[in-house]
Amino acid sequence: GLPPPEITPLASSTSTVLLLGLTPRQGPGDPVHLRDLADHLIRPRLLAIPGVANAAVFGTGRGVLALAVDPARLQALGLGFDTVLEAARQALAPQAAGMLENANQRMSLVLDPPASPETLAGRLLLAAPHAPLSLGAVGRLLRFDPAPIGGASIDGVPGVVIVVSAQYGADTINLTRRLAASLASLRPELEREGVTLHADLFRPTDFIETALGNVGVSLGLGAALVILVLVLFLYDVRTAAISLLAIPLSLLAALLVLSALGISLNTMTLGGLAIAIGEVVDDAVIDVENIARRLRENAARPTPRPTAQVILAASLEVRGAVVHATLIVVLVFLPALALPGLAGRFFAPLALAYILALLASLATALIVTPALAAILLKGRHEPRPPPLIRLLARRFRRLLLGAFRHRRMVAGAMLLLFAAALALLPGFETAFLPTLNEGHLVLHASFLPGTSLDQSLALGERIAA
């Protein structure tokens, strides 16, 4: 007793890539005409685009062609109802119209079934000897709208809405661009039909592009701040350049691994790289700063050692601390890879991108940084540390000595601050998933069961206003 199986579009619950709509340019327009344009012009064009899984049409009902048969006429002509039914079925079937053939291909031409009552009424019913009979001879042809089961309005104007779904795994941005190009080619024809096309009622691509732009700005600001800090504290173009080179090398290495794992460059992976910017340069800074310090000390000695030996010893001196510090941070982020459900889908790519960037920065600090230092840091070196370091060191020494003299007061103040932080903790809002605010607002309204279609449309217009 089961019906035959059906193949559904290969789309997920979050696969909507575009909502577009049609409204009459002037006056109420013909709702059936709008629906015909959506069903027979726009929908086939959209379904032909690679990556589109479905294009569902919502709005006015489809116009139905109907034949009201007159039994008296049938009896007078001596025809049965089966004859009329078969003639109507043949009249509504696509008709062959020949073929076109070139050197490599033969293409069949097919005529669409009639779309108006007048055309259908003229179709052949019976080839009588003297005068052929048409369908209009046995009844009245008419077009009516069946009871609608849904409606749509755009800015308070009744119309048609088409929801386009992407195939599973399709690229949302590229698919949206192909859809926009196809709709742009249809716009002149729709204008000739007196119809206004609303091609961007809902575009998830806008959210994605805004989010990617925000993450890109964060990446740029983070890199600028890192450059500023390195220049101020190292006070040397060459040492700063060696440290800064860890940023592109680490990020590119992380991207190559993500690509090999089949993970795309999205908002979450970019977010992980943005968070890691301050960390990826840390290992290289520690290494190159210690190398520069040992080179300054070596320059102050009466008999300086060879530069290569000093660089090797300085790099080995901090290697253990650099490795352990990086691995500790990686261990902190490892549990995020095992998060279940929606939180896991959100944070696993971010944590993976962050971990890969850190591991790449560690490899850069252990291999590339000492080699670059041996190439770029040859020659004489200023025996004194940078000016900002000297200034901060003097003030920090006074502050540290004062803290030692009043250590009990300092410890008591820290305990009070810790207690105050604990007291404020219950007042903070807790949410594991972040609140996304990228200027993209979707409002869903639920009405009482049994609400009529007219009332639903009226309430929708009030909400939109």
Side-chain angles (χ1 to χ4, degrees), residues 16-49 52 54-66 92 111-121 140-165 175-206 440-445 447 451-465:
T16 300
V17 292
L18 184 65
L19 259 70
L20 58 122
L22 301 176
T23 55
R25 186 177 301 174
Q26 294 179 350
D30 183 1
V32 175
H33 181 54
L34 285 179
R35 183 64 186 240
D36 285 344
L37 289 175
D39 287 333
H40 304 299
L41 176 64
I42 299 178
R43 187 173 185 271
R45 185 75 64 90
L46 299 181
L47 290 175
I49 298 175
V52 174
N54 192 22
V57 182
F58 298 89
T60 60
R62 298 182 179 90
V64 177
L65 291 174
L92 293 173
L111 295 177
D112 287 336
S116 65
E118 294 78 11
T119 306
L120 183 59
R140 184 166 53 93
L141 274 297
L142 54 99
R143 185 168 189 167
F144 72 98
D145 297 332
I149 59 173
S153 64
I154 302 168
D155 294 332
V157 179
V160 173
V161 170
I162 303 176
V163 181
V164 183
S165 302
L175 179 56
T176 303
R177 290 171 180 168
R178 291 195 295 267
L179 289 169
S182 179
L183 292 173
S185 66
L186 287 173
R187 191 179 293 275
E189 185 173 353
L190 294 174
E191 290 178 352
R192 289 193 297 270
E193 297 287 343
V195 174
T196 300
L197 172 64
H198 306 268
D200 54 356
L201 297 179
F202 173 72
R203 279 171 37 112
T205 294
D206 295 339
H440 204 98
L441 178 63
V442 178
L443 176 64
H444 293 274
F447 303 146
T451 304
S452 67
L453 179 59
D454 292 339
Q455 179 66 9
S456 298
L457 291 173
L459 290 172
E461 294 177 6
R462 289 178 60 186
I463 293 174

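Given the structure is predicted, the values throughout are model-derived calculations rather than measurements.
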Where E461 and G156 come nearest, the two heavy atoms and their spacing: OE2-O, 3.4 Å
Heavy-atom closest pair, residues A55 and L47: N-CD2, 3.7 Å
Stepwise side chain to side chain contact (heavy atoms under 4.5 Å, CB included) check, L46 with L18: CA-CA 11 Å; L46 299 181; L18 184 65; over 6 Å; no
L20 side chain reached by L197 side chain, heavy atoms, under 4.5 Å: yes
Short side-chain to backbone donor-acceptor contact, R35 and V160, under 3.5 Å: no
Ion pair check, R203 and D200, cut-off under 4.0 Å: no
Closest non-hydrogen atom pair, P24 against P158: CD-O, 3.8 Å
Criterion side chain to side chain contact (heavy atoms under 4.5 Å, CB included) against F202, the qualifying member of V164, V17, T16: T16
Criterion side chain to side chain contact (heavy atoms under 4.5 Å, CB included) against Q455, the qualifying member of L459, L453, L457: L459
Closest contact, heavy atoms only, A152 versus F58: CB-O, 3.8 Å
Inter-residue atom distance R25.CZ - L190.CG, 0.5 Å rounding: 9.5 Å
S182 side chain to L179 backbone, donor-acceptor under 3.5 Å: no
Spacing of CG belonging to D36 relative to CG belonging to L22, to within rounding of 0.5 Å: 11.5 Å
Rounded distance [0.5 Å steps], CG in L41 versus CD in E189: 5.0 Å
I42 and L183, any side-chain heavy atoms less than 4.5 Å apart: yes
Qualifying residues under side-chain hydrogen bond (donor to acceptor under 3.5 Å, both in side chains), relative to T23, sequence neighbours excluded: H198
